[in-house]
Amino acid sequence: MKDISFYKNKKVFITGHTGFKGTWLCHILLHSGAEVIGFSLNPPTKPSLFEQTSLKDSMHSIIADIRDRDKLIQSINDSKADIVFHLAAQPLVRFSYREPAITYETNVMGAVNILDAIRLTSTIRSFVNITTDKVYENKEWYWGYRENENLCGFDPYSNSKSCSDLLTYSYRNSFFNNKDSPAISTARSGNVIGGGDYSEDRIIPDCVRAVKAGKEIVVRNPSSTRPYQHIMDTLYGYLSLAEKQFNDKTIEGAYNFGPDDESCITTGELTKLFCSIWGKDAAWKIQADCGPHEATFLKLDCSKSKMILDWRPRWDIKTAVEKVVEFEKTETDIERITSLKDQIKKYFG
């Protein structure tokens with residue numbers, strides 16, 4: 001059981017609240033008793049977890065573009081938020097190759113806009129910018145990257161997130177360097193899995209779509225190793241960071257949130273595990289598509305988060321996949337929201 005009682009009655013502003021990760025974060029905060037304000041485009045997928053769980057009925061949802069600086073500043077000022085989580089992004093590697101300009105506009109200028117909004121707002125005490133494990137210069141080595149490693153993402157998505165991370169560093173030193181300034185941090189997490197993810201070109205959503213359609217799961221890069229982790233562990237990391245730095249600005253900085261070593265597995269191993277848990281003749285095949293460059297090996301060293309934040313992943317990869325399958329075997333929106341809330345209760349109590 002994890003304690004998030006700190007968030008009761010706090011005003012929390014979330015960008016990207018209509019996305020997969022943002023929707024889960026909003027539901028967790030609502031479970032804690034927080035007042036949640038969201039700023040995002042309409043849900044990026046059809047279907048969407050945001051709509052399936054009727055989230056807009058439980059929070060103040062602002063549908064707008066993170067690139068609209070004036071709207072964002074006004075919305076944050078009006079919210080009188082205590083804490084801000086920045087999740088709004090173009091999050092897909094392959095899309096970033098097709099649309100690099102949109103990716104940089106959203107991920108880089110979006111970060112500038114949110115940091116400027118915080119600079120011009122008096123109520124905020126804690127800000128966490130959610131970047132990615134792909135911000136690091138990937139040298140394909142077999143140990144985890146630490147927070148002080150070089151930032152240099154390869155593809156447009158990863159590189160734009162490296163820029164966002166560096167921007168946060170610059171703003172923290174340039175504008176938030178007084179003891180009374182908001183605490184400013186970045187959170188770098190691994191490959192998040194969970195129920196209700198309908199994104200393209202992600203292995204678990206691809207698995208779910210295939211088995212529901214009665215087709216074999218197609219795996220492009222079965223030997224690629226990634227730090228797969230259930231979304232609940234990742235979001236608990238973000239929440240822990242925002243809380244701890246709210247009370248102690250000296251811990252602000254960059255933090256990794258990833259699984260323990262045994263949950264860093266290949267895409268092929270993950271797909272095989274999914275099929276065994278799903279059952280019902282679920283099967284997969286390898287089909288290389290000569291797509292753009294993707295890293296072969298990626299792993300995070302989370303020692304800093306464990307030591308300073310007392311954060312630990314709770315659900316191993318088998319449990320994480322079981323939770324995904326449990327959710328994805330629901331058939332109605334009522335069943336989906338029940339499954340989501342049950343998982344939150346089991347994790348947080």
Side-chain angles (χ1 to χ4, degrees), residues 13-26 38-51 61-72 75-76 84-117 127-138 151-168 171 186-194 196-206 220 226 231 234-235 238 257 291-295 298:
F13 192 98
I14 300 173
T15 70
H17 70 289
T18 63
F20 162 62
K21 192 182 286 186
T23 296
W24 274 94
L25 180 57
C26 287
F39 186 101
S40 180
L41 295 173
N42 281 309
T45 61
K46 290 283 185 180
S48 78
L49 187 63
F50 178 80
E51 292 175 336
S61 175
I62 303 165
I63 301 301
D65 196 322
I66 194 69
R67 294 173 292 180
D68 187 341
R69 181 177 180 274
D70 293 340
K71 176 72 171 177
L72 180 62
S75 297
I76 287 186
V84 176
F85 292 97
H86 177 47
L87 283 76
Q90 191 299 97
L92 301 174
V93 171
R94 289 197 162 204
F95 181 90
S96 77
Y97 279 105
R98 298 196 299 270
E99 298 288 351
I102 291 174
T103 300
Y104 280 100
E105 287 170 7
T106 303
N107 295 353
V108 179
M109 290 312 299
V112 170
N113 291 343
I114 191 71
L115 286 160
D116 247 5
F127 169 70
V128 178
N129 180 13
I130 312 305
T131 59
T132 175
D133 57 354
K134 297 178 180 65
V135 297
Y136 295 108
E137 180 182 8
N138 194 320
L151 303 185
C152 188
F154 183 96
D155 56 86
Y157 163 70
S158 303
N159 189 266
S160 70
K161 282 296 197 174
S162 299
C163 293
S164 176
D165 218 302
L166 289 167
L167 276 166
T168 307
Y171 265 75
T186 54
R188 304 163 183 170
S189 61
N191 289 43
V192 173
I193 64 175
D197 187 0
Y198 302 106
S199 302
E200 62 179 52
D201 295 327
R202 285 185 184 164
I203 184 59
I204 289 296
D206 286 349
R220 298 190 306 268
R226 295 287 186 274
I231 191 168
T234 306
L235 295 180
Y238 303 165
F257 298 101
H293 171 273
E294 293 185 57
L298 185 55

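Nothing fancy with the numbering, it's 1 onward along the sequence.
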With side chains defined as the heavy atoms from C-beta onward, is the minimum distance between [X] and [Y] less than 4.5 Å?
{"X": "Leu41", "Y": "Ile63", "answer": "no"}
{"X": "Asp197", "Y": "Ile204", "answer": "no"}
{"X": "Phe85", "Y": "Leu25", "answer": "yes"}
{"X": "Val93", "Y": "Asp201", "answer": "no"}
{"X": "Lys134", "Y": "Leu298", "answer": "yes"}
{"X": "Ile62", "Y": "Lys71", "answer": "yes"}
{"X": "Leu92", "Y": "Tyr97", "answer": "no"}
{"X": "Cys152", "Y": "Tyr136", "answer": "no"}

Looking only at heavy atoms, what is the nearest atom pair of [X] and [Y], with distance?
{"X": "Gly19", "Y": "Pro44", "result": "CA-CD, 4.1 Å"}
{"X": "Ser189", "Y": "Thr234", "result": "CB-CG2, 3.5 Å"}
{"X": "Val192", "Y": "Phe20", "result": "CG1-CE2, 4.2 Å"}
{"X": "Tyr198", "Y": "Leu49", "result": "CE1-N, 3.9 Å"}
{"X": "Gln90", "Y": "Tyr157", "result": "O-CD1, 3.1 Å"}
{"X": "Ile14", "Y": "Cys26", "result": "CD1-SG, 3.6 Å"}

Criterion side chain to side chain contact (heavy atoms under 4.5 Å, CB included) on Asn159 and Tyr104, from CA distance to verdict: CA-CA 9 Å; Asn159 189 266; Tyr104 280 100; 2.9 Å; yes
Applying salt bridge (charged side-chain N to carboxylate O under 4.0 Å, His left out), name anything that partners Asp68, two or more places apart in sequence or on another chain.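 Listed in chain order: nothing, the list is empty.
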Using salt bridge (charged side-chain N to carboxylate O under 4.0 Å, His left out) as the criterion, list what pairs up with Arg67, not counting sequence neighbours.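 Salt bridge (charged side-chain N to carboxylate O under 4.0 Å, His left out) check on Arg67 returns Asp65, Glu105.
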How would you list all residue pairs meeting salt bridge (Lys or Arg N to Asp or Glu O under 4.0 Å) that involve residues 15-26, not counting sequence neighbours? none
Which value, rounded to the nearest 0.5 Å, describes the distance between [X] atom [atom1] and [Y] atom [atom2]?
{"X": "Ile114", "Y": "Leu167", "atom1": "CD1", "atom2": "CG", "result": "13.0 Å"}
{"X": "Ile203", "Y": "Asn191", "atom1": "CD1", "atom2": "CG", "result": "10.5 Å"}
{"X": "Thr106", "Y": "Ile66", "atom1": "OG1", "atom2": "CD1", "result": "9.0 Å"}
{"X": "Tyr171", "Y": "Leu166", "atom1": "OH", "atom2": "CG", "result": "13.5 Å"}

Let me know which of Thr131, Asn107, Asp155 forms a side chain to side chain donor-acceptor pair (under 3.5 Å) with Ser160.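 Testing Ser160 for a side chain to side chain donor-acceptor pair (under 3.5 Å) against Thr131, Asn107, Asp155 leaves exactly one candidate, Asn107.
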Can Phe13 and Ser75 be said to form a side chain to side chain contact (heavy atoms under 4.5 Å, CB included), step by step? CA-CA 9 Å; Phe13 192 98; Ser75 297; 4.2 Å; yes
Determine whether a donor-acceptor pair (N or O, by modelled atom type, separation under 3.5 Å) exists between the side chain of [X] and the backbone of [Y].
{"X": "Thr103", "Y": "Glu99", "result": "yes"}
{"X": "Ser162", "Y": "Val135", "result": "yes"}
{"X": "Thr186", "Y": "Asp165", "result": "no"}
{"X": "His17", "Y": "Phe39", "result": "yes"}
{"X": "Asp133", "Y": "Arg188", "result": "no"}
{"X": "Thr18", "Y": "Phe50", "result": "no"}
{"X": "Ser164", "Y": "Lys161", "result": "no"}

Test: Glu51 and Lys46 ion pair at under 4.0 Å: yes
Under the side chain to side chain contact (heavy atoms under 4.5 Å, CB included) rule, what do Asn129 and Val84 come out as? Steps first, then yes or no, please. CA-CA 8 Å; Asn129 180 13; Val84 176; over 6 Å; no
